[in-house]
Amino acid sequence: MRLELLQGLLACLRAVHFSHLSSHWQVQGLPFFGDHRMFIRLYRDVEEEIDTLAEKIVGEFGASAVDPVVQAAKVSALLAELGGMTPVERALVLEERLQVEVKRVYQSCKMQGDMSLGLDDYLMGVANAHEGALYLLRQRGRAMSSAMVQGPSD
């Protein structure tokens, strides 16, 4: 059970990374430069989290636990649901989903008494970092909504 939870979290982090990386290429329009820089920051921030979790998984369950084909299928399934969204919308959905996944892993490991201090610290750090990402994305979403209500300036 714990392995499946950690593999799911790893896939979610990888989906977030892949989406943010793609988004930094996809953004366009007036806020292009700011959005481009924001997505660079977001995808770079998640790279170390992915590496750390993958190493924790390998250290406990072996290298086959991070099989790239299995991970790619899980990432693809997560991203497949998000077609037709703008980069910011997609990022918000993924970041919110990541918070749910971190909480699920945390609560399950705690309840089962299967939480090392290192994993506890890691999960708390990921949750905290991605609350920051949610803040940035929500502010960007509010700016988009405000601009749509006000219309083009004269």
[atom1]/[X] to [atom2]/[Y] distance, rounded to the nearest 0.5 angstrom?
X	Y	atom1	atom2	result
Phe32	Arg37	CZ	CZ	10.5 Å
Tyr106	Met124	OH	CE	3.5 Å
Leu136	His130	CG	NE2	11.5 Å
Leu117	Asp121	CG	CG	8.5 Å

Would a single hydrophobic cluster contain both [Y] and [X], if residues Ile, Leu, Val, Met, Phe, Trp and Tyr are joined by side-chain heavy-atom contacts under 4.5 Å?
X	Y	answer
Val100	Met85	no
Val93	Leu21	no
Phe18	Leu78	no
Ile40	Val27	no
Tyr43	Val102	no

Taking atom types as modelled, find out whether Thr52 and Glu48 have a side-chain donor-acceptor pair closer than 3.5 angstrom.
-> no
Quick one: do Ser19 and Leu82 satisfy side chain to side chain contact (heavy atoms under 4.5 Å, CB included)? Show the steps, please.
-> CA-CA 10 Å; Ser19 178; Leu82 306 174; 5.8 Å; no
Any side-chain heavy atom of [X] within less than 4.5 Å of one from [Y]?
X	Y	answer
Leu42	Leu137	yes
Pro87	Asp35	no
Met38	Gln139	no

Do side-chain atoms of Arg2 reach the backbone of Asp114 as a donor and acceptor pair under 3.5 angstrom?
-> yes
Are more than 12 heavy atoms from other residues, nucleotides or ligands located less than 6.0 Å from atom OH of Tyr135?
-> no
Can you tell me if CZ on Phe33 sees more than 12 non-hydrogen neighbours from other groups inside 6.0 Å?
-> no
With sequence neighbours excluded, give me every side-chain hydrogen bond (donor to acceptor under 3.5 Å, both in side chains) pair touching residues 63-78.
-> none
side-chain hydrogen bond (donor to acceptor under 3.5 Å, both in side chains) pairs touching residues 20-30, sequence neighbours excluded, are His20-Glu95, Ser23-Arg90, Gln26-Arg90
Nearest atoms (heavy-atom pairs only) where [X] meets [Y]:
X	Y	value
Ala91	Phe39	CB-CE2, 3.7 Å
Gln99	Ala127	NE2-O, 2.9 Å
Ile50	Tyr122	N-OH, 4.5 Å

Yes or no on side chain to side chain contact (heavy atoms under 4.5 Å, CB included) for Lys110 and Asp120, after CA distance, side-chain angles and deciding distance?
-> CA-CA 9 Å; Lys110 272 287 203 199; Asp120 185 295; 3.5 Å; yes
Side-chain polar contacts of residues 3-17 - donor-acceptor pairs under 3.5 angstrom, sequence neighbours left out - could you list them?
unit_1 : atom_1 : unit_2 : atom_2 : d
Glu4   : OE1    : Met1   : N      : 2.8
Gln7   : NE2    : Ala65  : O      : 2.8
His17  : NE2    : Glu47  : OE2    : 3.1

